[in-house]
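Structure, as structure tokens:
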Amino acid sequence: MERKISIEQTLCRGCNLCVEMCPKKVFEDGEEISPEGFKLKKVANPTKCTGCKLCELFCPGAINLKIEEKETPSYSPRLRLGRGGPPEARLARGGWRETKNPLTPGKYFWQGNKAVVEAALACGCRFFAGYPITPANEILEEMAKRMKVVDGVMVQAEDEIAAISMILGASWAGLKAITATSGPGFALMQENLSLADMTETPCVVVDVQRAGPSTGQPTRPGAMDMREVRYGSHGAIQRIVLYPESVQELYDLTIKAFNLSERFRTPVILLSDAYLAHLSESVEIKEKIDAFDRIYIPGEPPFGPTPDFSTPSMPRFGDGEFLSITGSTHDKLGARSTADSGIQEELISHLQNKIIKQKEELVDCEELFLNDAKIVVVAFGTVGRSAKWAVREARKRGKKVGFLRPRIVYPFPADKIKELSGKVRKFVVPEMNQGQMFYVVREKISREVVSLPQPNGQIIDPRRILKYLLGEGW
Amino acid sequence: MKKEIIFFGKGGQGLGVMGKILALSAILEGKEVSSSPSYGGEVTGGLSQSEVIVSDEKIDFPTVLEPDILIIFSQMAIPKTKNKIMIFYDPDLIDAGKLSKNHELIPVPATKMAMEISGERSIANMIMLGAVIAKTQMVKPESIIKIIHEELKGKNPELNEKAFMEGFRLR
């Protein structure tokens, strides 16, 4: 890269601003005096120039700085200028690593909320901020006890807005961060979840759903936020949402949520509900965990768009990069650009595509008896337990029914459902709400889709689903 | 083998501890266990119910649908079911005449025995648990004793073990 600095002598007023402003002392007083009597400046050390353009910015018009790029650089000289920090920060880091589980492998008897905490700590989460809300309280309580042991930080924030802000901050400081809340708290977090989308900040938000709307029945389960988690935020960027069915899965999917969030640099929502949160079950803990840490390559631009919709490199504060994190539309260096339609479109396309392009990889479904099924029950999370029981019983009675449960709810496994719809007569969607995922299933296919809603704050009795499958009404 | 068990009684009678010790012992033997919540702000101090399912295989639905075993310290309405339920009850607290004769009724004078052993009611739950294990053989008594010593550390596990063995010998 070559930099050509020229001072137009007829325009130089000898104001000394360039000498004052240049951090590298490129300019000095020259020997020549202009016809007007100004002491002209000269370029004394052109090789020291870093191309920061401060001189050009302050000069009333005489300095012309041209940077001729021999090859397209992958990062701006501006970033290189700021390289400081500890030597180890200059090394690239991140990626998959196999880590030892801090707990002794074996079987444990845990409540759902406890499993979330242990899983988070096992894959390296060291920051929790949250505000108490039933039924997510035990996560906060357990975090308070456990974070102390592992030398992490637990903050009881003043409200949910502060909690999510804190975990975004912690994430940029280099920590894996998590918060837990329920429906009303999740609504408060929506604004900053959009900020996390826009700034590509990895974090995990646990939404322990209860029977709503509003305060509703705090101790009773529901699946009332099934669409809010995907479409609730302004911008409605593609999100990754997981919904486990058992305490074992809560453990496994919490780890998966962290891995996905670190890989795609996106907030990941882990759904749970009042029933699952307080259900105690046996959990098998393995000796090794595969964990993914965000990738950082020194000097790489910290934001999208990237040429192939891959996830950009993520520095942390203290790495010595110039880092500007803004919720406004920005280019890949983080510089605001609030009126350029091209940049806006490129950025949105990047945020959307970095997840959608990987959608094959993001299909994770539990399937039962799908080979010859004529009716398929599509269930999410806890309702899957009821549905699975009902489907097995219906099979014993000779009914050709199948069972499909996406563990990753969003991106919705549309291809999977479309493929099934070729041979299936009817889809049935039982839910602990007034019919939310029903619409998501229906919009993907042209087969008959039946909603089985039960918004009464109770887990669906599997015998009720069985009765429906055997031909009685809902 | 799959057993669905309901514990029913008043808060403070040690039902939660009983359920937990049973669950942990089953896990120790490699079984699958589910214990679904029966929690609501309203019930604290009043009547409480806890449920445990112990199974050799993965448990599809984790809440009790048709109980196999009832362990009751307070009068309760017996769930309507075609199954023959084993009902363990304390004859000093329960009017057996009100319990349905279609089920297998097993009286365990736990409170009375507890008073005889130590003068404290608090170990009645362990006596009851001993009787249940002896009758149903869900888990080995050695597992229960191991868990009692782990879980009740500092809360006189020796006395609890003694109470458990007294109950176990009833059968």
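So you know, we letter chains A, B, ... as the sequences are listed, proteins then strands, and number each from 1. Hydrogens, waters and symmetry mates are skipped; everything else that's a heavy atom, side chains included, is used.
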Does [X] pair with [Y] as a salt bridge, N-O distance under 4.0 Å?
X: A:R397; Y: A:E393; answer: yes
X: B:K31; Y: B:E29; answer: yes
X: B:E104; Y: B:K135; answer: yes

**Message:** If I measure from the heavy atoms of chain A, does B:L65 come under 4.5 Å with its side chain, its backbone, both, or neither?
**Reply:**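 Both parts, backbone and side chain.
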
**Message:** Is it the case that the side chains of A:N113 and A:E138 hold a donor-acceptor pair, with the cut-off being a distance below 3.5 Å and no angle test?
**Reply:** yes

**Message:** At a 4.5 Å cut-off on heavy atoms, which part of A:I460 comes close to chain B: side chain, backbone, both, or neither?
**Reply:**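 Only the backbone of A:I460 comes within 4.5 Å of chain B.
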
**Residue A:Q217 versus chain B: region with a heavy atom under 4.5 Å** = neither

**Item:** Among B:A26, B:A23, B:P62, B:G30, residue most engaged with chain A (heavy-atom pairs, under 4.5 Å)
**Value:**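 Maximum pair count with chain A is reached by B:P62.
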
